[in-house]
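See below for the structure under consideration.
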Amino acid sequence: MRLGDNFFIRDVLDVAPELLGKILVIKKDDSIIQFPITEVEAYRGEADRACHASKGRTARTEIMYHQGGVIYVYLIYGMYWMLNFVTGVANQPQAALIRGIEGFDGPGKLTKQLSINKSFYGENLCHSQRIWLEDSKSVKDFIATPRIGIDYAGEPWISKPWRFSTT
DNA sequence: GGCACGATGTGA
DNA sequence: CACATCGTGCCG
């Protein structure tokens, strides 16, 4: 069963760990492929210096101010698309970065595999015909560790255990 | 294995 | 000019 608004419109720290094990479904070349999510990171509000919304509302971060259930994608290092799911209520910018799916560890690798690009910016996970999430039993065995590649954010953000991975 | 480095485009 | 990354080449 497809996950609906009520799943995403909650605090990212509640949603992110629950994303583990959920099935990412993508329609690609007329076929449907599915991958369980294995690793995610939480980015939480303007106060979180690691969150892109810490710089306020811009063309890029605008979608994070939408209520949960839409996609935030952006290009990093000129070549990799990062896939995020917006969470929380409107005007409370949050997102969960998808860092790994079964068989493809790495946020840049999985988007390349799934052909995810800028055209997915703003896509609604609850209504889209080409990307959505299917429910599954919650994963109980996961670990929470610090987020990757955000040294610039400084403390306390650098140490928050907001990266969730299956074991 | 681990470390250095470069690719490559965009937002502030 | 930094950036929520990744592959390659080198070391020994």
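Numbers restart at 1 for each chain; the letters A, B, ... are given by sequence-line order, proteins then strands.
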* To do: Please check the phosphate of C:dG7 (OP1 and OP2 only) for any side-chain N or O of A:K109 closer than 4.0 Å.
  => yes
* **d(CD1, A:I148; C1', C:dC3) in whole Å** => 15 Å
* Asked: Aromatic ring centroids of A:Y74 and A:H52 under 6.0 Å?
  -> yes
* Report which part of the nucleic acid A:G108 touches: base, sugar-phosphate, or nothing (heavy-atom distance under 4.0 Å, all strands). => sugar-phosphate
* Answer yes or no for A:R60 and A:Y121: cation-pi contact, defined as NZ/CZ to six-membered ring centre under 6.0 Å and angle to ring axis within 45°. => no
* Asked: Expressed in angstrom and rounded to an integer, what is the separation of A:L83 atom CG from C:dT5 atom P?
  -> 14 Å
* To do: Would you mind reading off the distance between A:F104 atom CZ and C:dC6 atom C1', rounded to a whole angstrom?
  => 15 Å
* Quickly work out the A:N117 CG to B:dT8 P distance and round it to whole Å. => 18 Å
* To do: Return the value, rounded to whole Å, for the distance between atom CE of A:M79 and atom P of B:dT8.
  => 6 Å
* Asked: Which nucleotide sits closest to the side chain of A:Y152: C:dA4, B:dA7, C:dC6?
  -> C:dA4
* To do: Take the protein atom CZ of A:R60 and the nucleotide atom P of B:dT10, then report the distance between them rounded to whole Å.
  => 12 Å
* When all nucleic acid strands are considered with a 4.0 Å heavy-atom cut-off, which category describes A:L97: base, sugar-phosphate, or nothing? -> base
* To do: State whether the aromatic ring of A:Y43 stacks on the base of C:dA4, taking stacking to mean ring centres under 5.5 Å apart and ring planes under 30° to each other.
  => yes
* To do: Look at all strands and tell whether A:M82 reaches a base, only sugar-phosphate, or nothing, counting heavy atoms closer than 4.0 Å.
  => sugar-phosphate
* Can you check whether A:R99 has a side-chain N or O nearer than 4.0 Å to OP1 or OP2 of C:dT5? -> yes
* Nucleotide C:dG7, atom P - distance to OH of A:Y77 in whole Å -> 14 Å
* Got more than 12 heavy atoms from elsewhere within 6.0 Å of NZ, A:K28? -> yes
* **Between C:dA4 (C1') and A:E39 (CD): distance, integer Å** => 12 Å
* Taking the six-membered ring of A:F8 (Phe, Tyr or Trp), confirm whether the NZ or CZ of A:R10 is under 6.0 Å from its centre and within 45° of its axis. => no
* Side-chain contact, heavy-atom cut-off 4.5 Å: A:L125 with A:V86? -> no
* Along DNA chain B (nearest heavy atom to each residue), the more 5'-positioned of A:I76 and A:T58 -> A:I76
* Asked: In Watson-Crick or G-U wobble terms, both distances under 3.5 Å, what is the partner of C:dA4?
  -> none
* Consider the side chain of A:L75, meaning its heavy atoms from C-beta on, and name the nucleotide among C:dA4, B:dG9, C:dT5 that approaches it most closely. => B:dG9
